[in-house]
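Remarks on the structure that follows.
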Protein chains: 2
Amino acid sequence: MAEQRRVYASGDRVGATVRSGTRRRSAERLSVDRIVAVAIDQMRTHGYDAVTMRSIARELGTGPASLYAHVANRAELDQLVVGRVCALWEIPDPDPERWDAQLRECLISLLGILRAHPGVARCTMGMIPVERGMLAVVERLIGLLKAGEVPDQYIAWFVDVSSLFVGSVAAEEDIWRERMADIGEAPSEEETVVEVREVFSELPVAEFPLLSGMAEAMTTGTGDERFEFGVDVLISGLKALSAAR
Amino acid sequence: MAEQRRVYASGDRVGATVRSGTRRRSAERLSVDRIVAVAIDQMRTHGYDAVTMRSIARELGTGPASLYAHVANRAELDQLVVGRVCALWEIPDPDPERWDAQLRECLISLLGILRAHPGVARCTMGMIPVERGMLAVVERLIGLLKAGEVPDQYIAWFVDVSSLFVGSVAAEEDIWRERMADIGEAPSEEETVVEVREVFSELPVAEFPLLSGMAEAMTTGTGDERFEFGVDVLISGLKALSAAR
DNA sequence: ACCTGAACACCGTTCAAGT
DNA sequence: ACCTGAACACCGTTCAAGT
């Protein structure tokens, strides 16, 4: 099943999966909504790289040219995908007593949303949040930081830095996940850790006196723990800088 | 000249630039070094997306198939490119008196190196640093953090988080730079800021009470200032967490 | 051992023509 | 207005054949 869609070594395009019967006829009319929905769905089931204008058109029972009546190009489609998914991000009303804990929960829940929609994080890189739905989220995030009495300039930069961080972590996880799927076996996080740890501990001590002694630390912790450490560093840092005026 | 290599709306591949006379004959033999050098050079001059196995082969006066005798595939080539460029990263001997300032300078200089090699940052996403040259750099970075008496676990995670941050900022800048070049005019950072600021200040106050009042802060600061804020947040956060055990 | 031509199975986008 | 077939100018990778 994982192999079913392999065409050549590293290219796994949805088109190779004919999935007879799954191909819808052009019964319903095309729309931006349907196109975006198919894109998100294909990213989840086949990975970011497998989604192309052609694969989307195929699933909608038409040719790639038809999509261009609804979306300008692939870049715009990616924008719409991110907008649709980020609209799921819920940010609570600010509580000045625990704005920092709220902020922490928000960043963690954003990663959760991106994880629940594999591939979507890959669309976020280099995106300026001008899409309407995204601005609504930024608005609420600002509310949280205002409750913490963070200076305006720091608020603006922190929104930038923290969303870049969450997006990058999600995109990186996504690349790994796809690479694993490509190799085929998906060697259960446990095994990979053991392998990588071996590489580190077998490093020549003379050349790598510090690194070779840190094989344990370098490979300890799940993705969640590493990510949450990053979030804690960011929030502690923000509080320290804000306190120092 | 900027238009010279445009073929269709958003695809600008090196091959379209025939640059008669520039195409080398296969006088010298192929080698991994020459292939990597051409890749880095083309990323700088034509942008990340323009570099393909075919464009590299063309510049070397041969066909794409010839490259596969020296590199396994495009992914491996990207690894080699990052390795070559990161080898330029110099990390000082640790001074316990000012390890934090040293760390700050290091992260800033890494961004400088990635900026000096446009396109290369795009190869770093999702890369596990197992390449030998990269481990040497990590070794020295660890030395710096040990001088700051950061716990081993935090050292490991911080190397991860901070390099992801620098790489992401560089990759994001790169995407913007290419998009600007695509549009053609490259509207002088000044103009873009003015335009984006207008978008923010024209937001309906009822719907965006906070954001509409922050147009100034949202658009203030150069890329450098925003990046250095991020670095300061990371280092302050690390120090706060380390102090709290 | 190293290199090549030709082929395979794909891309995103455009455009004239249809309904 | 919306959709389509066919074409254009590309991709990465493989492979049998050459030197």
Side-chain angles (χ1 to χ4, degrees), chain A residues 4-18 23-35 39 42 46-79 81 123 178-179 182, chain B residues 3-18 23-35 38-39 42 46-79 81 123 178-179 182:
Chain A
Q4 183 184 344
R5 59 195 169 80
R6 305 291 296 283
V7 183
Y8 51 75
S10 85
D12 41 356
R13 304 261 148 61
V14 171
T17 319
V18 177
R23 179 185 295 195
R24 294 119 176 102
R25 265 169 277 72
S26 49
E28 309 120 278
R29 308 186 72 223
L30 288 181
S31 69
V32 180
D33 268 2
R34 293 184 64 214
I35 292 169
Q42 287 192 348
H46 300 283
Y48 178 79
D49 287 335
V51 182
T52 67
M53 298 303 269
R54 297 175 115 93
S55 73
I56 296 167
R58 219 148 29 214
E59 180 145 351
L60 290 166
T62 183
S66 305
L67 306 182
Y68 289 84
H70 299 92
V71 295
N73 50 42
R74 177 61 205 263
E76 186 183 293
L77 178 57
D78 276 5
Q79 285 260 6
V81 164
C123 312
E178 275 191 43
R179 199 172 295 158
D182 250 20
Chain B
E3 286 299 318
Q4 185 185 346
R5 60 196 169 79
R6 305 290 295 282
V7 184
Y8 50 75
S10 84
D12 41 356
R13 305 259 150 63
V14 171
T17 317
V18 177
R23 179 185 294 194
R24 293 117 177 103
R25 265 169 276 72
S26 51
E28 307 120 280
R29 310 186 71 222
L30 288 181
S31 69
V32 180
D33 268 1
R34 292 184 66 213
I35 292 170
V38 168
Q42 288 192 347
H46 300 283
Y48 179 79
D49 288 335
V51 182
T52 67
M53 299 303 270
R54 296 175 117 92
S55 72
I56 295 167
R58 217 147 31 214
E59 179 144 353
L60 290 167
T62 182
S66 305
L67 306 182
Y68 289 84
H70 299 92
V71 296
N73 51 40
R74 176 61 205 261
E76 186 184 294
L77 177 57
D78 276 5
Q79 284 260 7
V81 163
C123 312
E178 275 191 44
R179 199 172 295 159
D182 250 18

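Per chain, numbering begins at 1; letters A, B, ... match sequence-line order.
Pairing each heavy atom of B:Ser55 with each of B:Ala50, the nearest pair is OG-O, 3.5 Å. Among all heavy-atom pairs drawn from A:Tyr48 and A:Glu178, the shortest one is N-OE2, 2.7 Å. Taking both residues in full, the closest heavy atoms of A:Leu30 and A:His70 are given as CB-CE1, 3.4 Å, listed atom of the first, atom of the second, then distance. Between B:Leu67 and B:Ala57, the shortest heavy-atom contact is CD1-N, 4.0 Å.
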Secondary-structure string, 5' to 3', Watson-Crick or G-U under 3.5 Å, | for another-strand partners, for DNA chain C: ||.|||||...|||||.||

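Considering only residues two or more places apart in sequence or on other chains, A:Asn73 meets the side chain to side chain donor-acceptor pair (under 3.5 Å) condition with none of them. The side chain to side chain donor-acceptor pair (under 3.5 Å) test applied to B:Arg74 returns B:Asp78, not counting sequence neighbours.
In the set C:dG12, D:dC2, D:dC11, D:dC2 carries the atom at the smallest distance from any side-chain atom of A:Arg29. Of the candidates C:dG12, C:dC11, D:dG12, D:dG12 carries the atom nearest the B:Arg74 side chain, counting heavy atoms from C-beta on. Which of C:dT13, C:dG5, D:dT4 sits closest to the side chain of B:Ala65 comes down to C:dG5.
In this structure, A:Ile35 places its CD1 atom 12 Å from P of D:dC2, rounding to the nearest Å. Spacing between atom CZ of A:Arg58 and atom P of D:dT4 amounts to 15 Å, rounded to whole angstrom units. C:dT13 atom C1' lies 14 Å from atom CD of A:Glu76, rounded to whole Å. With rounding to whole Å, A:Leu30 atom CG is found 18 Å from C:dT19 atom P. Following rounding to the nearest Å, A:Asp49 (CG) and D:dT13 (P) show an atom-to-atom distance of 12 Å. Note: CG (B:Leu67) to P (D:dT14) measures 13 Å, nearest angstrom. Counting to the nearest Å, the P atom of C:dC3 and the CE atom of B:Met53 are 14 Å from each other.
Close to D:dC3, at under 4.0 Å from its OP1 or OP2, lies no side-chain N or O of A:Thr62. Checking the phosphate oxygens (OP1, OP2) of C:dC10, no side-chain nitrogen or oxygen of A:Thr52 falls inside 4.0 Å. The phosphate of C:dA1 has neither OP1 nor OP2 within less than 4.0 Å of any side-chain N or O from B:His70.
Each of A:Ala69 and B:Ala75 lies near DNA chain D, and the nucleotide nearest A:Ala69 is the one positioned closer to the 5' end.
Among the protein residues, A:Arg54 comes within range of the nucleic acid bases, having at least one heavy atom under 4.0 Å from a base atom.
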How far apart are the C-alpha atoms of B:Leu77 and B:Val51, what are their side-chain angles, what is the distance that settles it, and do they pass the side chain to side chain contact (heavy atoms under 4.5 Å, CB included) test? CA-CA 11 Å; B:Leu77 177 57; B:Val51 182; 5.8 Å; no

